[in-house]
Each structure stands twice: as C-alpha cells, then as structure tokens.
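Single-structure report; data block below.
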Protein chains: 2
Amino acid sequence: MVTIKQVSEKAGVSSATVSRVINNPDTVKEKTRELVMAAMAELGYRHNVVAASLASNKTHTIGYVVPELHGSFFGAMMGGTEQALRQAKKHMLIATGHSDAEIEKEQIDALLSRRCDALILHVEAVSDDYLVNLVKQGVQLVVVNRFIEAIGEHCISLDNIKGGYLATRHLLEIGHTKIAYVAGSLFKDDGKNRLLGHQQALAEWGIGYDENLTFEGNFQARSGTEGIRTLVEQGASFTAVACANDEMASGAMIALRELGRRVPEDVSVIGFDNVDFASYLSPGLTTIDYPVQKIGRMAAHWVLEQVYGHVRHDFEHILAPRLILRGTTSSPH
Amino acid sequence: MVTIKQVSEKAGVSSATVSRVINNPDTVKEKTRELVMAAMAELGYRHNVVAASLASNKTHTIGYVVPELHGSFFGAMMGGTEQALRQAKKHMLIATGHSDAEIEKEQIDALLSRRCDALILHVEAVSDDYLVNLVKQGVQLVVVNRFIEAIGEHCISLDNIKGGYLATRHLLEIGHTKIAYVAGSLFKDDGKNRLLGHQQALAEWGIGYDENLTFEGNFQARSGTEGIRTLVEQGASFTAVACANDEMASGAMIALRELGRRVPEDVSVIGFDNVDFASYLSPGLTTIDYPVQKIGRMAAHWVLEQVYGHVRHDFEHILAPRLILRGTTSSPH
DNA sequence: ATAAAAAATGAAAGCGCTTACAATCGAATT
DNA sequence: AATTCGATTGTAAGCGCTTTCATTTTTTAT
C-alpha cells in the first residue's frame, strides 16, 4: 500500500503538504499541488480513510438503524438519505434492529464504536428514555418516524393524525356517511393517531363515531380481510372503508370481492402509506401518501446541518401527508 | 473519550493486556480479565474500532454497491446479506451506483478508500473488464446478479434461462400451445436469457418459435400493456402470455382486462421475479421466484469464507429459480 | 528597496489501537 | 530441587494520517 509518505518523497515535499492537497487543496500553491498529484497518480496512491478518521476524529460516516432491510419502506427512506449524503461525500453504515430492544441497543453501540459522526435511527423497541439519554450524552442522532417530546428537535415524523383525517375527510366529501374503519395496532402510536384523525374528521362532519364500525387489525393484509368479514358478520352497514395502511386495504378489497361487493361501485376503499404496490392493484388504490423518501432526506439534512455545519437545507420536523386519488373511491351509488 | 491506556492503568496491567481481553479474551488469565473488565465498566470504556482497524488492517466492514435503494429488490438482497453478516459481527457500508459507470467506479473507489475488507457489487454499467481487473489487483469482491466468465468464482447469479424455461414449460404442461412472450430489454443478459429459456421450452415441446408472438419490452409495467396491445393489433392469437418480469405481467393484465379478456379464463399470464406485489394482484400472479434474499446470503457466505476464513457455509454460484403457482394461469378454455 | 503581513511549507507530536518479541511466571517433569 | 516449557504479561514499534506551531517564502504596502 502506498502511503502519503512515499508520495511526499517522490514529490519532494513534506507529508503535511500531501495531506493538504487531499483535504484543503486550495491552501497549497498550484505548482506544488500539481507536483503532488502527479506523484499520487504515478504511485497509484489511495487515500486511507481509516487513518484519516483516527487522526481527525471524524469518519464522515452516518450510522443507520432500521428494523429490517426487506420491504420497500426502508429502502425508500434510506434512498432519500443517501441521495442527500452522497453529494456531501458521506457514507452510511447500515444495521438492523429487528424491533428488538437488545438488538437495537447492540447495533447502536456497534455504530458508536465505529465512531459514526451521527446516527439516524428508526427504532421501535428501545424506550424513549434510552434515546433521550443518548442525546444527553452528546450522541448526535436523529430519530425518524417517531416523536419523542423531550427531544423533539431530534425527531422527524409524519403527521399521522392529519393523514387519518385526510382519508376520512375525502370519503365524507364525496358523500359517504357510513364509514367503516380498519385500524392498525392501537398500541402503536401511528395506529392510534390515524384512528384519531379518522374520528376528528367524523366529528367535524357532525357524525358520531361508532365503535361497531371499527375493527382493530395489525397492519397485515390478512387482518384487513378479517376486518371486513367480521364487520359484515356483525351486521355493520357501510358504503366506505378507511384502512390504517395499504396492506390492510388490499386485504379488505379481497374480502369485499368475496362478498360480492364491487370496489368502488358498492364500497369505496382508502388505504394509507401509498406503498409501491398500491398503484398495481386494480383498481388502483386511493390512499394517503407517506413521504418516506422525504423523511429520509430530512434526516440527512439534519445531520448535514447539525453535525457538519453545512448551510441550512430546507427542513421540516413534522411532515404532511397528502391524498392520492386513484380508483377505489367514488361517491356512494 | 476513555482509552485503552486509562483502562490499563486503572486495572494495573499493560495496554496490551487490555487489548487482549477485547480481542482474545481466552489468552488472558481469568482473574486479570475480570480486573480489566471491571475497569472498563467503571470508566465507561468504548472500544475504538477505527483505531483498531488502522492497527490491524482489518475493518470488518463489507462495502455494498447497489444501483438504488428504493424498491423491494435490493432491500431483500441486502437483508439476506445482513442476516448472515450480523452473526459474524461484520457491518455493511452501503453505496448506490445509479447504473452509471462513473458513479459506480467512484463508489467502489470510496469503499476501497475506507478499507472495506470486501465488496459486494451489483453493478450494471461498469464493464466486465473493469471488474476482472479489480480482482486481478487483489480486491476481494463478489459480483451478484451478473455472470462474468473470467471471474466466475466471484459471481453469484440466477439461472435465468432455466427460469424462462420453467415459466413456458408450465404453460405448455397445462395445455397451452399458442403462447405470447413479452420480453425484457434484449440488450440485457437477463432479458436475453429469459427469452432463451422460453424458446428452449417451446423447442422441447416441438413448437416452433414465432417472432410474431414476441414483443420486446423494457421491464416496466407500461411496456407490458403496450406489448399486449401491439400483439393483438397485429392480429396475433394466443391463449397465454409469458412475461419477462412481474411489472410487465401486471401491465399485460391491465391491457387484457381492457380488451375484455379475462385472466386466467381467456388468457393465462405468468410473470418472473415474484416481487412483493405479485401476491397482492388479483388474481395472484403466477410467476417464477427470484431467490434474491438467498443471493444476498450467498454473497455473505462467500465473503465470510474467502475473506475471513470461516468454515464453509452452504454455497451456490448459480441459483435455481422455481415456479410459484397462483391464480393467473389455468388450462385453455 | 524595505518592512510588515500573508501565504505556503515543514517538523513532529499525536490519534488509540495491535502485535511481534522479549520477559516473567508457574506448573509439570525428572 | 533443578529444569523445562507453555501460559501470561509487558515493551515498544508501528498503522497512515492530521494538525499545531514554527519557519520560510511570497506578496503587499510604504
């Protein structure tokens, strides 16, 4: 491996100068710089970032913890981050937490041992306090898709209440009044908040919330199917159904089809998240867009600004969802 | 930051011993080890992996280049890799190449500068020669989803010919004889090979290959729609259509529905890849499974074995696709 | 032309760890 | 009890770079 030392000798300068042409090219005289660059080229020099990191105490690496790598959600998010970081020549060290507190902690620890300059965390199992403590210890981190009051400035998340509200408002606006709701797991914040938004919209329209029109699913497709079956069996009557995510909406559509109800002619369906496959369903699923890529980008911007002192990028802590109109909703009859 | 030195002083041993309890705990006497660990705990010591990497010339980091992060394909692949690497305490540094030769090279370079112990590359733009050269230079790398004869031992890929063959054979087996084919881009190896497999199956059944039943798409959904429209306009007659991927199959289904042909009653459809949304379509899409997660896992195994000298994991260079039966294929009539 | 200021360079001390190699210790052998 | 040999530990030389501070060179002002 050729080192900075060898380059400096070949170029007849000190190694400090070589380091300068690598890191602050404009602080060395043009002629010297050319000399050095020629030497580097001739010797086939490759900068050793590990050594540089040790000496400078900066790794230009962001640690990223997500629950899983598969599925399209986290890829989209990391894609948003990567796009922003690449231009700044930062890299991402990726780890998965598997929604398990022990693993999440281990991974955070490992990333810190690797001296990541900052962490971007989508962690689900670790407690709020644990994260608050990290921040107190001076760890540079941003939490995505989760809101923790005490470190609100470190959180980037979607306004789920607004999203739930928008979905149901859309159904109300096109004339529905009997609206079923397939909720996500209610012990999760997003499940809870989306339902809250649904209730807000109903209230705004002066329609009482009816528990018998609500089914608590678990965000999986199957529970959407189950939800519709259960509601219908219980004799619930509705012309539209809002689901807390697209998977359940897809499951709901399957159940409706089985029951001979056409979508959207007999029953309108709206999802939430706008996942990749939503547009492949037929009819295309009307849904609420989760700007996941943007969240990833915002996380990158936070890091660039807070950790690397880049000039202010556009930034939002709480992102707004928006309605995506496709084919599964229409006025009743 | 607490260093090994401080720990060694508090424990009354040399720093070499502290290093040993970190890296080879069983080479130090139990009593000493406990002493050291106590000191580490008390001081809140955190190992500095960067310094360790510099000294040992090993980073325990694998560089990963994929074209993009969004979509479900690369997430699934990286997930397979991560699962295997996590147990070995290796980490992944991820970069995207955007199917652009310049960017791909830059990223490979950056990963090498960061002294990754090995690279896993899904690169599409860079030439075979470039990769062969890297190998010759002693770069530890494995190429996924691409086969390069000269460095076959470094490649992990799917048997696309077999996949194309299986798809069409399935249609033949259930009685179809007039089979249309929506190909992927034929300048790409996978597009070419899948078509080849299709032709092989036809030949095996003694059915001549008819160019008028083939349409060259570009792997996007829209080109599937376009393909069906074009073939029908040209007066082609068929009872089944095989597509070179699921997106195009989905597009084809849309076109068929528009034309009033039911799937699978009037026309059977088979895709390729078994992407996430294939099972969400209705009817569920019959397709060929691309074992992408397994490819990711095999890449990890290659690295673990070749680079870190782990004992042999199970390993395959050319993975076999398999038929996934769902609802879009049935016997003619 | 000369002094002062600014720019460019060099010397050298780390950054925190690993790892020969040497030294020491302790148990086993005779 | 002396010897041997393996197990433990310590010493110290790096790993390849950055960065402070001092020195030299160049530029600017007078």
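Side chains are part of it too, since the values below use all heavy atoms of this structure and drop only hydrogens, waters and symmetry mates. Naming: A, B, ... by sequence-line order, numbering from 1 per chain.
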Checklist entry - Between A:Y308 and A:H60, how do the two ring planes meet: parallel, tilted or perpendicular, split at 30° and 60°? => result parallel

Checklist entry - Counting side-chain heavy atoms from CB outward, which of D:dT18, D:dG10, D:dT19 is closest to B:R20? => result D:dG10

Checklist outcome for this item: Closest of C:dT19, D:dT18, C:dG16 to the B:S56 side chain is C:dT19

Checklist entry - Would you say a side-chain N or O of B:S19 is under 4.0 Å from OP1 or OP2 of C:dT18? => result yes

Next on the checklist: Heavy-atom nearest nucleotide on DNA chain D for B:R115 versus B:V13: which residue maps closer to 5'?
Outcome noted: B:V13

Checklist entry - Would you call B:K188-B:E124 a salt bridge at under 4.0 Å N-O? => result no

Checklist entry - Touch check for A:V50, heavy atoms < 4.0 angstrom, all strands: base, sugar-phosphate only, or nothing? => result nothing

Checklist entry - Where the side chain of A:N23 is concerned, which of D:dT18, C:dT19, C:dG16 is the nearest nucleotide? => result D:dT18

Checklist entry - Starting at CD1 of A:I22 and ending at P of D:dC17, how long is that distance when rounded to a whole Å? => result 7 Å

Checklist entry - How close or far is atom P of D:dC17 from atom CG of A:N24, stated in whole angstroms? => result 16 Å

Checklist entry - In whole angstrom, what separates B:L54's CG from D:dA13's P? => result 17 Å

Next on the checklist: For a quick check of understanding: with a heavy-atom distance under 4.0 Å over all strands, which category does A:V18 fall into, base, sugar-phosphate or nothing?
Outcome noted: nothing

Checklist entry - Nearest-Å distance, CD1 (B:I4) to P (D:dG10)? => result 13 Å

Checklist entry - What does A:N48 touch in the nucleic acid at a heavy-atom separation under 4.0 angstrom: a base, only the sugar-phosphate, or nothing? => result sugar-phosphate

Next on the checklist: Please enumerate all residues that pass side chain to side chain contact (heavy atoms under 4.5 Å, CB included) together with A:N133, with sequence neighbours excluded.
Outcome noted: A:K136, A:Q137

Next on the checklist: Looking at B:G296, is its backbone amide N or carbonyl O close enough to the side chain of B:T81 to form a donor-acceptor pair, meaning the two atoms are under 3.5 Å apart?
Outcome noted: yes

Next on the checklist: Nearest whole Å is fine: how far is D:dC15 P from A:M1 CE?
Outcome noted: 14 Å

Item to check | Reference residue B:K90; test side chain to side chain contact (heavy atoms under 4.5 Å, CB included); the match among B:L85, B:V307, B:T59 | outcome: B:L85

Checklist entry - Does the distance from a Lys or Arg side-chain N to an Asp or Glu carboxylate O, for B:R46 and A:D109, drop under 4.0 Å? => result yes

Checklist entry - What does A:T17 touch in the nucleic acid at a heavy-atom separation under 4.0 angstrom: a base, only the sugar-phosphate, or nothing? => result sugar-phosphate

Next on the checklist: Do B:I4 and B:Y45 have side chains that approach each other closer than 4.5 Å (heavy atoms only, starting at C-beta)?
Outcome noted: yes

Checklist entry - What does A:A52 touch in the nucleic acid at a heavy-atom separation under 4.0 angstrom: a base, only the sugar-phosphate, or nothing? => result sugar-phosphate

Checklist entry - Tell me, which of residues 26-44 of chain B have any heavy atom that sits under 4.0 Å from an atom in DNA chain C? => result none

Next on the checklist: What's the closest nucleotide to the side chain of A:A51 if the choices are D:dG10, C:dG16, D:dC17?
Outcome noted: D:dC17

Checklist entry - Tell me: CD of B:Q6 to P of C:dG16, nearest whole Å? => result 9 Å

